[in-house]
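Labels below follow one simple rule: chain letters A, B, ... track the order of the sequence lines, proteins then strands, and each chain is numbered from 1. Since the model is a prediction, treat every value here as computed from it, not as a measurement.
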Protein chains: 2
Amino acid sequence: MLSKKTKYGLKALTYLAKVEGRQPVQIAEIAKCENISQKFLESILLTLRRNGLLGSKKGKGGGYYLIKEPHEVQMTTVMRVLEGPIAMVPCVSLNFYEKCEDCPDEGECSVHKLMLQVRDSALDVYRNNTLADLL
Amino acid sequence: MLSKKTKYGLKALTYLAKVEGRQPVQIAEIAKCENISQKFLESILLTLRRNGLLGSKKGKGGGYYLIKEPHEVQMTTVMRVLEGPIAMVPCVSLNFYEKCEDCPDEGECSVHKLMLQVRDSALDVYRNNTLADLL
DNA sequence: CGATAATCTACTAAAACTATAGGGTAAAAG
DNA sequence: CTTTTACCCTATAGTTTTAGTAGATTATCG
């Protein structure tokens with residue numbers, strides 16, 4: 001299941017991608033237009049900023065804005081920041097690899113075999129989509 | 001993230017697929033060999049039986065066994081039974097469709113667009129893998 | 001029949017995660 | 001110096017996951 005965090009984050013990003021000239025947009029405006037709990041969105045935008053996807057400006061006329069152009073923002077990055085590892089199992093994760101405790105031999109593991117394919121196919125989709133493709 | 005339920009279920013299925021002549025295998029044996037909590041596995045095997053993937057036999061010499069041949073067991077079915085919907089969002093689910101409350105227009109939704117592709121690619125993998133392919 | 005071996009059922013509970021709310025701080029603008 | 005906005009920390013209700021406990025039920029075998 002996709003978490004609401006990711007869902008809301010994606011919606012916010014596309015909202016900001018549509019804004020002319022990368023003007024800062026207030027949290028409240030995004031929250032209202034996209035039907036998102038404002039407080040929740042606040043923390044989501046914060047993590048997007050901390051991970052280099054958004055910039056922010058405080059005070060009057062402030063808000064959040066996209067740092068890169070939409071076509072430069074790959075979904076692989078967005079998903080990793082919001083949802084975490086793309087792999088469904090740590091033992092097939094590229095960026096968050098971890099060995100399974102229970103599994104004696106990865107090469108023989110059926111779960112490993114299947115999830116490797118699932119990861120690759122998902123990665124394929126995310127690599128072929130930028131923020132611009134979702135508008 | 002793949003739930004342990006699904007992970008264990010898959011391991012149990014492949015274990016049973018390797019058994020000669022579809023002989024019943026006891027829960028305890030599978031649990032021990034695959035490092036799975038026996039009681040947890042018990043409930044997993046039960047749902048696999050209720051969904052027509054396994055058969056069971058009580059009493060001495062009893063246990064669980066595959067009903068179909070491994071190459072007849074599609075991963076699409078297994079995943080739906082164990083993990084639930086393949087889609088990451090209800091609004092792109094084939095078997096469990098549900099409209100999003102917040103989203104006014106699905107056709108315009110960026111999340112919808114992306115998750116549709118992810119679902120299709122995952123479906124592609126699951127449809128092209130049977131239990132036999134994981135051995 | 002009666003003992004044994006197994007699945008089946010239901011209830012409970014700890015732990016982790018998700019989504020959200022509250023309240024206060026810091027910086028920028030006017 | 002006041003307003004406006006992002007920033008930060010904490011708490012909490014709710015749900016899901018991952019089991020554990022206790023016993024009922026059914027089949028087999030001697």
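- Across the interface with DNA chain D, nearest-nucleotide mapping of A:G61 and A:E42 shows A:G61 to be the residue nearer the 5′ end.
- OP1 or OP2 of D:dC8 has not a single side-chain nitrogen or oxygen of A:S43 nearer than 4.0 Å.
- Closest contact between the side chain of B:Q26 and the listed nucleotides C:dT7, C:dA19, D:dT21 involves C:dT7.
- Within 4.0 Å (heavy atoms only), B:I27 reaches sugar-phosphate atoms of the nucleic acid but no base atom.
- Heavy-atom distances to DNA chain C give each of A:S37 and B:L45 a nearest nucleotide, and the one nearer the 5′ end belongs to B:L45.
- Distance from the side chain of A:L46 is smallest to D:dC8 among D:dG23, D:dT18, D:dC8.
- Residue A:R49 places its side chain closer to D:dC8 than to any other of C:dT20, D:dC8, D:dT4.
- At least one donor-acceptor pair under 3.5 Å links the side chain of B:R119 to the backbone N or O of B:V92.
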Please tabulate, for the side chains in residues 28-37 of chain A, all donor-acceptor contacts under 3.5 angstrom to protein atoms that are two or more places apart in sequence or on a different chain.
unit_1	atom_1	unit_2	atom_2	d
A:E29	OE2	A:Y15	OH	2.6
A:N35	ND2	B:D102	O	2.9
A:S37	OG	A:F40	N	3.3

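- Distance CZ (A:F40) to C1' (C:dG22): 16 Å, rounded to an integer number of Å.
- Side-chain proximity of B:K39 to D:dT18, D:dC8, D:dG23: nearest is D:dG23.
- Rounding to whole angstrom units, NZ of residue A:K7 and C1' of C:dT20 are separated by 16 Å.
- Summarising the geometry, the separation between OH on A:Y65 and C1' on D:dA6 is reported as 12 Å, rounded to the nearest angstrom.
- For A:L2 and C:dC17, the CG to P distance is 17 Å, given to the nearest whole Å.
- Listed for the B:Q74 side chain is a donor-acceptor partner under 3.5 Å among the backbone atoms of B:R127.
- A:E98 and A:S93 share no donor-acceptor pair across their side chains, judged by distance under 3.5 Å alone.
- Look at CD on A:Q38: it is 12 Å from P on C:dG22, rounded to the nearest Å.
- The side chain of A:S3 sits closest to C:dA19 out of D:dC8, C:dA19, D:dC29.
- Rounded to whole angstrom, the span from the CD1 atom of A:I36 across to the P atom of C:dT18 amounts to 17 Å.
- Between C:dT7 and B:R50, no contact under 4.0 Å exists linking OP1 or OP2 to a side-chain N or O.
- Heavy atoms only, all atoms of each residue included: B:I27 and B:L41 are closest at O-CD2, 3.8 Å.
- Looking only at distances, no side-chain donor or acceptor of B:K57 sits under 3.5 Å from a matching main-chain atom of B:Q23.
- Within residues 51-59 of chain B, the residues that have a heavy atom under 4.0 Å from DNA chain D are, in order of number, B:K57, B:K58, B:G59.
- Per the geometry, NZ belonging to A:K4 stands 12 Å off C1' belonging to D:dG14, to the nearest Å.
- With sequence neighbours left out, B:D133 forms a side-chain hydrogen bond (donor to acceptor under 3.5 Å, both in side chains) with B:T130.
- Scanning all heavy atoms of the two residues, the minimum distance from B:L54 to B:R49 falls at O-CG, 3.1 Å.
- OP1 and OP2 of D:dT18 both lie 4.0 Å or more from every side-chain N or O belonging to B:Y8.
- The CG-C1' distance, from A:D102 to D:dT18, rounds to 14 Å in whole Å.
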